[in-house]
Number of protein chains: 2
Amino acid sequence: MDDAGFMHLAFEQAQKSYDEGGLPIGAVMVEDGQVVAAGHNRRVQDGDPVAHGEMDCIRRAGRRPRYDRVTLYTTLSPCMMCAGTIVQFGIGRVVVGEDRNFAGNAEFLRSRGIEVAVLDSAECVELMARFIAEHPRLWDEDIAGKDG
Amino acid sequence: MDDAGFMHLAFEQAQKSYDEGGLPIGAVMVEDGQVVAAGHNRRVQDGDPVAHGEMDCIRRAGRRPRYDRVTLYTTLSPCMMCAGTIVQFGIGRVVVGEDRNFAGNAEFLRSRGIEVAVLDSAECVELMARFIAEHPRLWDEDIAGKDG
């Protein structure tokens with residue numbers, strides 16, 4: 001499967017979260033071409049403020065000594081929490097669905113030696129934009145008002 | 001209660017985690033002089049790699065729109081995951097128990113406008129040093145080999 005294919009799996013996680021009334025941000029962890037874990041934002045579903053899509057995915061992957069051969073696919077550009085986590089855990093590569101609805105921290109990741117690709121996925125852009133229009137307060141809460 | 005008093009509450013969380021066989025790193029969130037939440041590292045206890053002490057504490061505080069009046073006490077200097085989270089959520093002030101066993105990211109936090117105090121607490125230094133000597137592999141796993 002190529003980057004677009006894995007990103008669609010992350011989008012399916014985002015769609016699942018949207019259908020549950022949560023923030024539509026999903027993530028998939030891949031190693032050696034195999035999906036290790038998938039997750040999505042759980043702020044609404046679990047009342048957990050640190051459960052962004054990337055964090056939920058990393059949590060579901062369980063304990064690992066290293067992450068250098070891992071690629072993390074995320075539908076939305078990572079916030080500073082998720083970017084810091086990617087740096088601390090030494091995740092080798094990040095593929096971002098889109099950075100139109102949230103600028104995120106691709107440059108910070110690159111400055112720390114992490115490879116980042118931004119796909120500009122139309123389905124990711126559209127679902128996130130729809131949620132922000134429908135639930136502006138939930139979106140503001142999820143990023144604590146910080147767009148980047 | 002002063003900073004040393006709140007830090008001792010964070011240390012008690014670290015001691016609790018140590019007694020459970022987990023990484024002895026604890027955190028307490030305080031707002032307007034009142035404890036909002038307390039937590040500790042849960043990597044071993046819950047098999048959760050993102051449950052550093054600070055993250056567990058923030059999770060237990062539940063959903064909040066803003067964190068600017070919050071002080072986060074943590075027994076050990078924050079790793080990049082926890083530092084990124086502090087920045088994203090806009091936590092106003094961070095009090096660090098010690099930075100001898102792990103350099104952490106006080107300068108990064110300050111560069112993002114967050115007030116940081118380092119107490120150099122002897123009880124925090126001693127408990128962490130004891131754990132690292134007893135369980136070097138668990139410690140390496142918790143920071144994915146990155147000392148800062």
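Quick note on labels: first sequence line is chain A, next is B, and so on, each numbered from 1.
Taking a cutoff of 4.0 Å between a charged side-chain nitrogen and a carboxylate oxygen, B:Asp48 and B:Arg42 do not qualify as a salt bridge. Salt-bridge annotation for B:Arg63 and A:Asp142: absent, with no side-chain N of the basic residue lying under 4.0 Å from a carboxylate O of the acidic one. For the pair A:Lys146 and A:Asp140, the salt-bridge criterion is not met [side-chain N within less than 4.0 Å of a carboxylate O].
Within the 4.5 angstrom heavy-atom criterion, no atom of A:Asp46 approaches chain B. With a 4.5 angstrom heavy-atom cutoff, B:Arg66 touches chain A only via side-chain atoms. Contacts between B:Leu138 and chain A at a heavy-atom distance below 4.5 Å involve the side chain alone, from C-beta outward.
When each of B:Arg64, B:Arg60, B:Met81 is scored by its heavy-atom pairs under 4.5 Å with chain A, the top score falls to B:Met81. Ranked by heavy-atom pairs shorter than 4.5 Å toward chain A, the options B:Pro65, B:Gly62, B:Cys82, B:Ala83 are led by B:Gly62. Per-residue heavy-atom pair counts under 4.5 Å with chain A were compared for B:Ala61, B:Gly90, B:Ala144, and the maximum is reached by B:Ala144. Taking B:Glu141, B:His52, B:Met80, B:Arg43 one by one and counting their heavy-atom pairs under 4.5 Å with chain A, the maximum is reached by B:Met80.
Heavy-atom minimum distance, B:Cys124 versus B:Gly97: SG-CA, 4.2 Å.
Dense packing is recorded around CD of B:Glu134, with more than 12 heavy atoms of other residues, nucleotides or ligands lying under 6.0 Å away. The 12-atom threshold is not exceeded at CZ of B:Arg69, counting heavy atoms of other residues, nucleotides or ligands nearer than 6.0 Å.
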